J.: 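One structure, as structure tokens, below. Some questions next.
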Amino acid sequence: MINITLPDGAVRQYESGVTALDIAKSISEGLARKVLAAKVNGQVVDATRPIKEDSTLQLLTWTDTDGKATMWHSSAHLMAEALEALYPGVKFGYGPSIETGFYYDIDLGDRTISDEDLKKLEAKMVELAKQNSAYQRKEVSKADALQYFSTKGDEYKVETINELQDGAITFYTQGGFTDLCRGPHIPNTSFIKAIKLTNIAGAYWRGNEKNKMLTRIYGVTFPSQKELDEYVTLIEEAKKRDHRKLGKELELFTFSEKVGLGLPLWLPKGAMLRERLQSFMQKAQLESGYLPVVTPHIGSKQLYVTSGHYEKYGKDSFQPISTPEEGEEFLLKPMNCPHHCEIYKSSPKSYKDLPVRLAEFGTVYRYEQHGELHGLTRVRGFTQDDAHLFCRPDQVKEEFIKVIDLVLYVFRSLDFTDYTAQISLRDKEDRSKYIGSDENWQLAEQAIIESAAEKGLNTVVEYGEAAFYGPKLDFMVKDALGRKWQLGTIQVDYNLPERFELEYIGADNQKHRPVMIHRAPFGSLERFVAVLIEHCAGKFPLWLTPTQVKVLPISDKSLIYAEKVAELLKKAEIRAEIDDRNEKIGKKIREAELAKIPYMLVLGEKEATDGVVAVRRQAKGDLGTMPLEQFIGLVNDEVVNRRPFE
RNA sequence: GCUGUUGUAGCUCAGGGGUAGAGCACUUCCUUGGUAAGGAAGAGGUCGUGAGUUCAAUUCUCAUCAACAGCUCCA
């Protein structure tokens, strides 16, 4: 007999060799019907694997992330089975589960597959799922594994097996399909009730652009049709939040082929929104001891040779522009830090002067590959809320923590709660991508890790995500469609001070090297606005929104009163507009609602007579009448406290 | 940059070998209307661009540009 400890702490006894599924059945049949996989001693395994020693056990169902992942991974196998049935000879790459759903990379040879084919494939999957095929695990020797896939002619699997250790290779078979797989899998295909294949895309074999491009089919499955319907609704809602769509509708920004790809044009409403964000940041920075600086949009090529940017990105950047006579070369600035280093150097510094915090909304230009451009989130010209802190080594941590505080203050002020703090470190294998000594990197990494820990940040570590001159603490958020973007970033840098030979005179009257902290809480204004739009679905908080109040006279008869009200609102520094068109009130309201104007004042003869305003709140409706002063007080309160829209 | 899909009016989209259509927006007139679309008339497009096939191309073919999805990249 063995002891099984359940999540609630209860310990039950079972025969050795019992499976998680057996245990589930012993608890209740209903539970057993829902079990997708099991976590035994912290490891996710098949619910049908025998347990032979005392263990802790958690039964995984659809509500567990690992349960979903197992189901989706099994769904990838089901899709592979369907593919093989419909397209004999198809070869398979990788087929993992992802955050929502799964994909499988396949090689169809000369054939192509279209969106219409996905319907057939879905139908085949449904048909196969109904056969209740069990997912059967089998341990195989490396030789046998190679033999199987060589015979089958699947070179991708052969390549994968060649890199595996003998003795650690398993196959899973369901129905007539066998795949190389570590597992785990759901007990059988009947759990997969609703299937949606979402899209087809190309993907390089093993993610390397030098390799052959395979066809990737994405899909998602659910335990019932109801959940699939909910998912479809969710996707539709997300699409409505897309900042590219809302940016157009709300007249915030536009693009022009003639101006150039990835070069956003800010329309008046968007520009004003941007300016408000800038003033907000400037105020916060002034309070935190930052000093403003302004630098030009171009800099001598030599500047970037010194910084190392030229060597690293020179050929993948906009190429230098040169003077007509002398042929001097200048680069559009891709970074503000070299300029700021030169500002630091413009006067000798004492240890008493540090830290020096130089801030600039610096517009930078980077060549991004054509296929990378994406709305405002990935552009070729953008403005960073950049600053560089030059400090003594003993000040690094304190400064770093203050910057974290600032970033968190910004996020809080804008109601951003869903973000992750990512510690971006060097690639473990390839160190050639980075400049500077190991010692400096270790110091920088340590400063970041310690500061993040001290602030109690929830962090994830990502290797290979560091900048070439130093590690970063990146604040990541997701867009409406679940794509992850880096917003704020804080970087510790021991390398640029060396390259620029930055110095200060210490208390010992000797020259010392300062440490630099690069930081941008918004990251770029473009990306930040994009994410903000999606975050609030275009319903900006009152302090940011372009038009705060729309004054709606019911007819010409109340026009004079309405104009007076609009005038008084403007005097109170409230962004008010009047809709004096010859239209019915219903239409004016509808349009203001669709434009997501937070407040509407409906003014007719009654209000004019009583000297009050009838207030309507976007999406909420009529709030009744009140004196204008009271309404102004309401608006000011909402603005001062930076309340979110709802 | 790579693979795939798409490109028709300011916007959203229909159509299809014989030189184009809807809704919204816009203009004018009528209407002075009380909390999400009042009525009528009108204006607006060489169907992304360039070639080819054809008596004839916006429609078919090719190239090119751009957008979208994914991959790769991201100081």
Side-chain angles (χ1 to χ4, degrees), chain A residues 98 103 105 112-115 198-218 239 242 244-245 248-249 251 254-258 260-262 304 307-314 316-317 333-338 364-375 377-380 384 386 433-435 465-470 472 481 483 485-486 489 491 493 496 518 520 527 552-559 582-595 600-607 614-624:
Chain A
I98 51 176
Y103 66 78
D105 286 344
T112 55
I113 190 165
S114 70
D115 288 333
T198 49
N199 58 337
I200 308 173
Y204 303 108
W205 166 234
R206 309 200 128 180
N208 186 331
E209 66 182 321
K210 294 194 176 67
N211 287 345
K212 182 170 179 180
M213 184 164 277
L214 305 179
T215 303
R216 176 171 296 181
I217 304 176
Y218 285 89
K239 281 188 180 151
D242 191 315
R244 293 166 296 183
K245 180 177 151 67
K248 194 183 277 179
E249 284 172 11
E251 300 171 353
T254 188
F255 288 90
S256 151
E257 266 183 53
K258 223 169 216 161
L261 307 187
Y304 299 100
S307 71
H309 288 98
Y310 189 77
E311 195 200 338
K312 180 80 183 162
Y313 295 103
D316 298 321
S317 290
K333 76 173 168 188
M335 291 286 286
N336 302 301
C337 33
V364 296
Y365 301 89
R366 296 177 186 174
Y367 172 78
E368 301 286 1
Q369 292 186 87
H370 189 145
E372 294 314 325
L373 302 171
H374 184 93
T377 49
R378 195 79 185 268
V379 287
R380 286 178 172 171
Q384 296 176 311
D386 211 357
K433 298 189 277 189
Y434 309 96
I435 58 169
E465 294 294 317
F468 75 95
Y469 51 75
K472 310 190 284 178
L481 295 169
R483 290 174 285 217
W485 300 97
Q486 176 200 308
T489 181
Q491 308 165 9
D493 181 4
L496 286 190
H518 308 239
R527 181 175 292 173
L552 309 175
I554 286 175
S555 78
D556 291 354
K557 289 178 191 155
S558 39
L559 192 56
N582 181 9
E583 292 290 352
K584 286 197 166 180
I585 193 65
K587 180 157 184 166
K588 291 183 185 181
I589 288 171
R590 176 178 161 78
E591 289 186 11
E593 286 278 344
L594 292 175
M600 286 151 262
L601 297 183
V602 179
L603 304 181
E605 291 177 273
K606 267 190 282 178
E607 287 76 18
V615 182
R616 184 189 165 97
R617 176 82 195 190
Q618 204 270 355
K620 277 192 177 159
D622 200 349
L623 300 185

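Since this is a predicted model, take the numbers as computed values, not measurements. So that the names make sense, note that chain A is the first sequence line, chain B the second, and so on, each numbered from 1.
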J.: To the nearest Å, give me how far apart CD (E251(A)) and C1' (G10(B)) are.
T.: 11 Å

J.: What verdict does the side chain to side chain contact (heavy atoms under 4.5 Å, CB included) test give for C337(A) and H309(A), after you've listed the backbone C-alpha separation in whole Å, the side-chain angles of each residue and the deciding distance to 0.1 Å?
T.: CA-CA 11 Å; C337(A) 33; H309(A) 288 98; 4.2 Å; yes

J.: Hey, does the side-chain of R483(A) have a donor or acceptor N/O within less than 3.5 Å of a partner on the base of A69(B)?
T.: no

J.: In whole angstrom, give me the gap between the C1' atoms of G23(B) and A14(B).
T.: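 That atom pair is separated by 11 Å.
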
J.: Got a sec, which residues hit ring-ring contact (aromatic ring centres under 6.0 Å, His included) with Y103(A), two or more places apart in sequence or on another chain?
T.: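 In terms of ring-ring contact (aromatic ring centres under 6.0 Å, His included), with neighbours along the sequence ignored, Y103(A) is linked to Y218(A).
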
J.: What does A614(A) touch in the nucleic acid at a heavy-atom separation under 4.0 angstrom: a base, only the sugar-phosphate, or nothing?
T.: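 Contact class for A614(A): base.
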
J.: Quick one: on RNA chain B, does D242(A) or V602(A) contact a more 5' nucleotide (nearest heavy atom)?
T.: V602(A)

J.: Taking the nucleotide of RNA chain B with the nearest heavy atom to each, does D316(A) or A203(A) sit closer to the 5' end?
T.: A203(A)

J.: What is the distance from CE of M213(A) to P of U72(B), rounded to the nearest Å?
T.: 9 Å

J.: Looking at A25(B), I'd like to know if its phosphate oxygens (OP1 or OP2) sit under 4.0 Å from a side-chain N or O belonging to K587(A).
T.: yes

J.: Between G10(B) and A25(B), how many Å separate the two P atoms, rounded to a whole number?
T.: 16 Å

J.: Base, sugar-phosphate, or nothing for K248(A), non-hydrogen atoms under 4.0 angstrom?
T.: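 Touches sugar-phosphate only.
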
J.: Over all heavy atoms of both residues, which pair between M600(A) and R617(A) is shortest? Give the atoms and the distance, please.
T.: CE-C, 4.3 Å

J.: Begin from the C-alpha positions of R483(A) and H374(A) and carry the test side chain to side chain contact (heavy atoms under 4.5 Å, CB included) through to its verdict.
T.: CA-CA 11 Å; R483(A) 290 174 285 217; H374(A) 184 93; 3.5 Å; yes

J.: Please determine whether any donor N or O and acceptor N or O are separated by less than 3.5 Å between the side chain of E593(A) and the base of U35(B).
T.: no

J.: Looking only at side-chain atoms of E368(A), point me to the closest of C74(B), U32(B), A69(B).
T.: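 Of C74(B), U32(B), A69(B), C74(B) is nearest to the side chain of E368(A).
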
J.: What's the gap between U8(B) and C68(B) when it is taken at their P atoms, as a whole Å value?
T.: 14 Å

J.: Among G34(B), C71(B), G70(B), which nucleotide sits nearest the side chain of A201(A)?
T.: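 Nearest to the side chain of A201(A) among the choices is G70(B).
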
J.: Please state the P separation for the pair U35(B) and U49(B) - nearest whole angstrom.
T.: 48 Å

J.: Of the options U35(B), G70(B), C74(B), whose atoms approach the side-chain atoms of Y313(A) most closely?
T.: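 Selected nucleotide: C74(B).
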
J.: Looking only at heavy atoms, what is the nearest atom pair of L559(A) and P553(A), with distance?
T.: CD1-CG, 3.9 Å

J.: Please report the distance separating the C1' of U59(B) from the corresponding atom of C47(B), rounded so that it comes out in whole Å.
T.: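 Those two atoms are separated by 9 Å.
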
J.: Which nucleotide sits closest to the side chain of Y204(A): A36(B), U72(B), A25(B)?
T.: U72(B)

J.: Work out how far the P atom of G42(B) is from that of A36(B), and round it to whole angstrom.
T.: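 Each nucleotide's P atom is 32 Å from the other's.
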
J.: Using the P atom as the point on both nucleotides, what is the distance between G48(B) and C13(B), in whole Å?
T.: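 These two P atoms come out 15 Å apart once rounded.
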
J.: Return the nearest nucleotide to the side chain of E583(A); candidates are G38(B), G70(B), A36(B).
T.: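 Out of G38(B), G70(B), A36(B), the nucleotide with an atom closest to E583(A)'s side chain is G38(B).
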
J.: Please determine, for the side chain of R590(A), which listed nucleotide (A37(B), U72(B), G70(B)) has the closest atom?
T.: A37(B)

J.: Grab the CD-C1' distance between E465(A) and C74(B) for me, whole Å please.
T.: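 To the nearest whole Å, that distance equals 9 Å.
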
J.: Write down the atom of H518(A), the atom of D493(A), and the distance for their closest heavy-atom approach.
T.: NE2-OD2, 2.9 Å

J.: I589(A) side chain: which of U35(B), G70(B), C73(B) is closest?
T.: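 Per side-chain heavy atoms of I589(A), the pick is U35(B).
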
J.: I need the minimum non-hydrogen distance between D622(A) and R616(A), along with the two atoms involved.
T.: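 For D622(A) versus R616(A), the nearest heavy atoms are N-CG, 4.0 Å.
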
J.: Figure out the NZ/C1' separation between K245(A) and C13(B), and round it to whole Å.
T.: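 Computing the K245(A):NZ to C13(B):C1' distance gives 13 Å.
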
J.: Which nucleotide wins on minimum distance to the side chain of D622(A), given the candidates U72(B), U35(B), G33(B)?
T.: U35(B)

J.: Verify the contact: side-chain N or O of R206(A) to OP1 or OP2 of U72(B), cut-off strictly under 4.0 Å; return yes or no.
T.: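 No, R206(A) has no side-chain N/O under 4.0 Å of OP1/OP2 on U72(B).
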
J.: Kindly point out which of A36(B), U32(B), C71(B) is positioned nearest to the side chain of L594(A)?
T.: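 The closest nucleotide is A36(B).
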
J.: Can you check whether any acceptor in the base of C2(B) is under 3.5 Å from a donor in the side chain of E372(A), or vice versa?
T.: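 There is none.
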
J.: So N199(A), base contact, sugar-phosphate only, or nothing? Heavy-atom distance under 4.0 Å.
T.: sugar-phosphate

J.: Would you measure the distance from the C1' atom in G45(B) across to the matching atom in A22(B) and give it in whole Å?
T.: 14 Å

J.: Over how many whole Å does the gap from N208(A) atom CG to U3(B) atom P extend?
T.: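 Checked: the CG to P distance equals 15 Å.
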
J.: So, the side chain of K312(A) versus the backbone of K433(A): is there a donor-acceptor pair under 3.5 Å, distance only?
T.: yes

J.: Please classify the nucleic acid contact of E249(A) as base, sugar-phosphate, or nothing, using heavy-atom distances under 4.0 Å.
T.: nothing

J.: What is the distance, to the nearest angstrom, from the CZ atom on R378(A) to the P atom on C74(B)?
T.: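 Checked: the CZ to P distance equals 9 Å.
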
J.: Please report, rounded to the nearest Å, how far the P atom of G34(B) is from the CD1 atom of I554(A).
T.: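 Value for this atom pair: 7 Å.
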
J.: For a quick check of understanding: with a heavy-atom distance under 4.0 Å over all strands, which category does G586(A) fall into, base, sugar-phosphate or nothing?
T.: sugar-phosphate

J.: With respect to the phosphate group of C74(B), does any side-chain polar atom (N or O) of K312(A) fall under 4.0 Å of OP1 or OP2?
T.: no

J.: Are any of H374(A)'s side-chain N or O atoms less than 4.0 Å away from OP1 or OP2 of A69(B)?
T.: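 It does, given that an N or O in the side chain of H374(A) lies less than 4.0 Å from OP1 or OP2 of A69(B).
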
J.: Can you run through RNA chain B from 5' to 3' and write each base as (, ), [, ], | or . depending on how it pairs? Watson-Crick or G-U wobble, both distances under 3.5 Å.
T.: (((((((..((((....[..)))).(((((.......))))).....(((((..]....))))))))))))....

J.: Which pairs, protein N/O on one side and nucleotides 65-67 of chain B N/O on the other, fall under 3.5 Å?
T.:
{"residue": "A66(B)", "atom": "O2'", "partner": "E257(A)", "partner atom": "OE2", "Å": "3.4"}
{"residue": "A67(B)", "atom": "OP2", "partner": "H370(A)", "partner atom": "NE2", "Å": "3.1"}

J.: What is the separation between atom CD on E591(A) and atom P on U35(B), rounded to the nearest whole Å?
T.: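 Value for this atom pair: 17 Å.
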
